[in-house]
Each structure stands twice: as C-alpha cells, then as structure tokens.
Amino acid sequence: MIQTKKQRSTIFTTLMLVACVVLFSSFKTNSKPPVSEPIKLGFIPLTDCSPIVMAKELGLFKKYGVEVVVTKETSWANIRDKILTGELDGAHCLYTMPFSVYTGVGGKAGSEMRIAMMLNVNGQAITLSNDFCGKVGFKQMNKVTPVVAAKLKAEKEVTFAMTFPGGTHDLWLRNWMSLAGLNQKAVKIITIPPPQMVANMKVGNMDGYCVGEPWGGVAVKQGIGFTQIASQDIWKDHPEKALVVNKEFSETRREDLKKVMKAILEACIWLDNPANRKKAAAIIGKSPYVNAAADVIESRLMGDYNLGCNQGTEVYTDDYMLFYKGGTVNYPRKSYAIWAMAQYVRFGYLKEEPNYKAIADKLIMQDLYEEVAKSMKIKIPTDDMKPFSLTMDKTVFNPANPSAYLKVVKR
C-alpha cells in the first residue's frame with residue numbers, strides 16, 4: 001500500500017505517543033518515592049547529649065522513619081553557626097542559646113534558632129581548683145567571697161570559666177556568684193568549650209568553672225578540682241539542654257521534625273529508667289561521643305557524686321540529671337525563656353529589657369511540641385507562665401512582670 005507523506009507523519013506521531021506512554025508507565029511502575037535528605041543533628045560531648053545519642057544507638061530514629069546523622073561538634077559557637085547556616089538541621093543545645101543569640105548577647109542580633117523541645121534538667125556543677133580545697137566546702141556559699149578576696153590580694157587575678165555568653169553555664173555561674181555575694185567585676189570570666197575545661201584547669205588557666213557532666217566528675221577523678229555545688233542545688237529541676245533547630249528546617253520539614261522529636265522523647269523515657277543508665281553511660285562514654293570514663297558518667301547519672309577534696313559523697317535521690325519525669329522535663333516553657341532574658345538585663349549583658357514575650361513566642365515551638373506529646377499520650381504541664389523561685393534564691397520571678405523582679409533581685 002502506498003502511503004502519503006501525511007499518513008506517514010500521522011503514523012510516526014502515533015508511534016511516538018505510544019512509546020512515551022509506555023516509557024512513562026514503566027518509569028512510574030519502577031520508580032521509588034524520592035528519598036529525603038538525611039537529618040543532621042549535632043551534639044557537644046556532655047552527658048546530657050544522651051537523648052540524641054541513644055535515639056540513634058537504640059534505632060529509634062529508624063523506628064519513626066527518619067535517617068539521622070549525629071555529629072560531634074567542638075564548641076557551642078560552632079553549633080550556633082552551623083544551625084544558623086543550615087549545615088546542621090538541629091542540635092543538642094543550651095536552652096538559653098536561642099535567646100542569647102537573638103538578643104545579640106551571644107551572636108548576631110535577630111538571628112533565629114528555634115526550640116522544639118527540652119532534653120534534660122539538672123546535672124551541671126561549679127568545680128573549683130584545689131587551691132580552694134579546705135577553704136571552701138560543699139555548698140558553703142558564705143566562704144567563697146573571703147577566699148576569692150584573699151586570692152585576689154595574693155595573685156591579682158581570679159578566673160572562672162563558662163561555656164557560652166548568655167548560656168546556661170554562664171547563668172548558673174553568675175547566679176552562684178550572686179548567692180555568694182561575689183562581685184562579678186572583681187573576677188575574670190572566660191569562655192571555654194566543655195570538653196576543654198579539665199585540661200585548662202590542669203594547667204592553671206582558671207580557678208573554677210561551670211559546665212555539665214561529666215567534666216565536673218572527671219576533674220574530681222583526676223584530682224585537679226572538687227565540686228563546690230551542683231546546679232540542682234541552686235535551682236532544683238532547672239531547664240538545661242534543648243533540641244534547637246534551624247528555622248528553615250522547622251518550616252519545610254515539619255513532619256520529619258515531629259518524627260525526630262518522637263524518637264528523642266522515647267529515648268528520654270528510656271534514659272529515665274535507672275536500670276538503663278549503666279548501658280547509656282557505657283555507650284556515650286565511647287570516643288565518638290563524650291570520650292570519658294564510663295564509671296564517672298554512670299555515677300553522676302545515678303546521682304552518686306564523689307565531691308573530691310576529701311568531702312565524701314553527695315547522693316541525689318530525685319534531683320540528679322533527668323530526661324523525662326513524666327513529661328515535665330520536655331515541655332519548652334516560655335516562662336523559662338523570659339527568666340533567662342531577664343538575667344541578661346540583671347547581669348549587664350543588655351542595657352534595656354527586650355520584648356520578652358514576643359521573642360519567646362517567636363523562638364519556642366510550643367504548639368509543635370504539644371502536637372507531638374498528644375500523639376504519644378504524654379501529659380503536657382500546666383505550670384508555664386506561673387511565678388516561681390529558685391531553690392537558693394527565693395526572689396519570686398513572675399514571667400508576666402520581669403521588671404518587678406529586676407528591681408529587687410541581687411545583682
């Protein structure tokens with residue numbers, strides 16, 4: 001049969017359409033859904049990185065359907081920068097860091113880091129060098145200032161270290177000095193990354209430091225310092241670390257973030273079972289994580305504190321490092337954010353009071369946490385925005401009126 005040019009063109013077009021349909025059908029049948037990019041979470045080598053590490057080690061991220069890579073970071077400033085640039089999607093982080101950065105205390109003002117949930121309470125400490133041994137005992141606040149004054153007279157300088165300006169360790173250190181009646185301008189305060197604290201004290205770079213475990217316990221074990229007070233003695237069940245995330249990640253991968261939070265919450269529940277803490281200590285003590293003696297990590301995780309300096313042992317029964325406590329630990333409270341920012345005014349970091357509520361509302365993803373908690377049948381606390389006091393400083397803090405607190409609290 002002789003075909004016209006028009007007929008041949010029609011046949012060719014038809015064949016091409018059939019081929020495209022077959023090819024598309026084949027692709028649709030054999031293709032897999034696009035794989036999401038792995039989620040990158042950072043941590044600092046501290047005992048309270050346990051929720052993220054154990055969520056990874058226990059396979060909980062996989063259980064909830066997310067691929068997570070955890071990375072050890074060198075400093076809090078490093079974590080800040082990587083969260084802000086998106087190199088990290090989130091991290092184990094000082095709960096006060098987002099407020100410190102946003103207000104310009106510890107970063108570029110206006111930079112947003114968001115809090116998805118809390119990771120732990122308690123478990124930090126003030127460690128003093130052996131120069132203070134026998135002169136200041138455990139919780140002997142009235143002896144701190146006279147000993148520091150004598151040391152200043154003899155050596156002209158006394159140095160204390162914390163880990164990040166406006167961070168939790170900074171605030172516990174400054175509250176400790178206030179409780180002791182120590183003029184903060186009389187001493188030097190420096191910033192040292194947590195895992196470098198012990199080495200710096202060993203060579204005499206500081207007289208004392210505030211940091212999380214296990215670095216208080218390690219100083220005792222190595223015989224270079226002693227525990228003068230634990231942070232839970234200053235404020236029982238104080239907020240400490242949080243899961244802090246990149247703003248864009250929180251907005252574009254909200255469902256994945258919820259899965260990450262579920263895995264971490266399950267890890268927190270697992271960690272609060274005392275029977276699991278020995279296993280946790282052995283795992284997080286390994287070199288990829290904290291890289292410290294498991295026995296030191298375990299003893300302080302269990303509330304068993306060898307204080308050093310022949311002071312014996314202090315046993316904490318209900319206020320050692322906790323990760324869940326029936327869900328009361330993990331709820332990100334706006335009142336605690338407001339308290340932290342009030343400390344910045346109190347201690348001279350900020351000349352004027354910030355817009356506390358607006359900042360807390362912007363940076364704390366309370367609605368997201370509530371959604372996740374409800375899906376896991378975890379009770380949501382009802383104490384947020386209610387007045388409270390610290391254990392040692394009885395000054396009432398009303399989050400609805402920080403100005404009144406600032407007028408009466410000791411500087």
Side-chain angles (χ1 to χ4, degrees), residues 94-96 99-100 105 118 120-128 136-149 160 162-187 189 208-212 216 227-241 305 314 316 318-322 328-329 333-350 353-354 356 360 383-411:
L94 304 161
Y95 101 86
T96 55
F99 316 114
S100 172
V105 172
M118 297 298 296
N120 77 294
V121 296
N122 306 325
Q124 322 301 298
I126 304 284
T127 300
L128 296 181
V136 179
F138 181 63
K139 293 199 289 189
Q140 290 181 340
M141 305 302 292
N142 62 323
K143 293 188 177 182
V144 173
T145 295
V147 175
V148 169
F160 293 111
M162 48 78 180
T163 64
F164 186 82
T168 54
H169 304 127
D170 188 13
L171 298 188
W172 311 146
L173 179 67
R174 292 176 189 275
N175 270 270
W176 172 76
M177 286 194 261
S178 174
L179 288 163
L182 182 58
N183 182 352
Q184 294 173 40
K185 293 180 180 179
V187 300
I189 299 176
Y209 60 75
C210 182
V211 74
T227 300
Q228 198 279 326
I229 197 169
S231 56
Q232 55 264 35
D233 296 312
I234 297 172
W235 180 5
K236 181 180 177 179
D237 290 346
H238 66 78
E240 184 52 42
K241 301 301 190 302
Y305 282 48
E314 179 76 7
Y316 294 91
D318 66 345
D319 54 353
Y320 47 84
M321 189 178 289
L322 296 170
T328 60
V329 169
R333 293 166 176 81
K334 294 180 180 180
S335 55
Y336 292 166
I338 295 169
W339 179 87
M341 288 184 277
Q343 304 309 299
Y344 301 158
V345 180
R346 175 188 180 189
F347 296 126
Y349 276 129
L350 297 177
E353 292 184 74
Y356 299 104
D383 60 348
D384 195 15
M385 296 306 291
K386 292 181 180 178
F388 62 88
S389 297
L390 276 59
T391 306
M392 283 194 170
D393 180 357
K394 301 299 183 183
T395 309
V396 175
F397 180 79
N398 183 352
N401 190 3
S403 299
Y405 162 85
L406 289 170
K407 288 177 182 176
V408 298
V409 71
K410 284 177 60 179
R411 304 291 171 122

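In this chain, numbering begins with 1 at the start of the sequence shown. Not measured: the values here are computed from a predicted model.
Listed by first and then second residue, the salt bridge (charged side-chain N to carboxylate O under 4.0 Å, His left out) pairs that reach into residues 165-185 are Asp170-Arg174, sequence neighbours excluded.
The shortest non-hydrogen separation linking Thr227 to Gly216 is OG1-O, 4.5 Å. The shortest non-hydrogen separation linking Lys241 to Met118 is O-CE, 3.4 Å. Nearest heavy-atom pair, Ile234 versus Leu390, reported as atom, atom and distance to 0.1 Å: O-CB, 3.7 Å.
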field: Test log, rule side chain to side chain contact (heavy atoms under 4.5 Å, CB included), inputs Phe138 and Glu314
entry: CA-CA 9 Å; Phe138 181 63; Glu314 179 76 7; 3.6 Å; yes
task: I would like to know whether Leu173 and Ile189 meet side chain to side chain contact (heavy atoms under 4.5 Å, CB included); could you show each step before the answer?
output: CA-CA 9 Å; Leu173 179 67; Ile189 299 176; 4.1 Å; yes
task: For side chain to side chain contact (heavy atoms under 4.5 Å, CB included), just list the numbers for Met141 and Val136, CA-CA rounded to whole Å, side-chain angles, deciding distance to a tenth of an Å, and then say yes or no.
output: CA-CA 8 Å; Met141 305 302 292; Val136 179; over 6 Å; no
message: Before you tell me yes or no, could you show the steps for Lys386 and Asn398 under side chain to side chain contact (heavy atoms under 4.5 Å, CB included), namely the whole-Å CA-CA distance, both residues' side-chain angles and the distance that decides it to 0.1 Å?
response: CA-CA 7 Å; Lys386 292 181 180 178; Asn398 183 352; over 6 Å; no
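At a threshold of 4.5 Å between non-hydrogen side-chain atoms, the residues Leu171 and Trp339 count as touching. Using a 4.5 Å heavy-atom cutoff, the side chains of Phe397 and Pro387 are not in contact. Within the 4.5 Å cutoff, no side-chain heavy atoms of Arg346 are placed close to those of Met341. Considering only heavy atoms from C-beta on, Lys236 comes within 4.5 Å of Asp318 through its side chain. A heavy-atom distance below 4.5 Å is not found between the side chains of Tyr95 and Glu240. In this structure, the side chains of Val121 and Met321 stay at 4.5 Å or more apart for every pair of heavy atoms. Between His169 and Ile126, the closest side-chain pair of non-hydrogen atoms is not below 4.5 Å. Residues Met385 and Lys334 meet the side-chain proximity criterion, which asks for heavy atoms closer than 4.5 Å.
Residues that satisfy the side chain to side chain contact (heavy atoms under 4.5 Å, CB included) test with Ser100, not counting sequence neighbours, are Val105, Phe164, Tyr344. Judged as a side chain to side chain donor-acceptor pair (under 3.5 Å), and not counting sequence neighbours, the contacts of Asp384 are Ser335, Gln366. Residues passing the side chain to side chain donor-acceptor pair (under 3.5 Å) test with Trp235, sequence neighbours excluded: none. Partners of Tyr356 by side chain to side chain donor-acceptor pair (under 3.5 Å), not counting sequence neighbours, listed by chain and number: Glu353. Under the rule for a ring-ring contact (aromatic ring centres under 6.0 Å, His included), the partners of Tyr316 that lie at least two apart in sequence or sit in another chain are Tyr305.
Proximity of a side-chain donor or acceptor of Thr391 to a complementary backbone N or O of Asp233 within less than 3.5 Å is not detected. Although no hydrogens or angles enter the test, the distance criterion places no donor-acceptor pair under 3.5 Å between the side chain of Asn120 and the main chain of Leu322. With Gln140 contributing its side chain and Gly137 its backbone, the two residues share a donor-acceptor pair below 3.5 Å. Proximity of a side-chain donor or acceptor of Gln124 to a complementary backbone N or O of Asn122 within less than 3.5 Å is detected. Under the 3.5 Å distance criterion, the side-chain polar atoms of Thr96 are matched with a main-chain donor or acceptor of Thr168.
For Gln232 and His238, the side-chain atoms include no donor-acceptor pair closer than 3.5 Å. Between the side chains of Thr395 and Asp393, at least one donor-acceptor pair of N or O atoms lies under 3.5 Å. Side chain to side chain, Arg411 and Asn183 fail the donor-acceptor criterion of an N or O pair below 3.5 Å.
The six-membered or imidazole ring of Trp176 lies near that of Phe160, with a centre-to-centre distance under 6.0 Å.
The CH2 atom of Trp172 sits 11.5 Å away from atom OG1 of Thr163, with the distance rounded to the nearest 0.5 Å. To the nearest 0.5 Å, atom OG of residue Ser178 and atom NZ of residue Lys410 are 5.0 Å apart.
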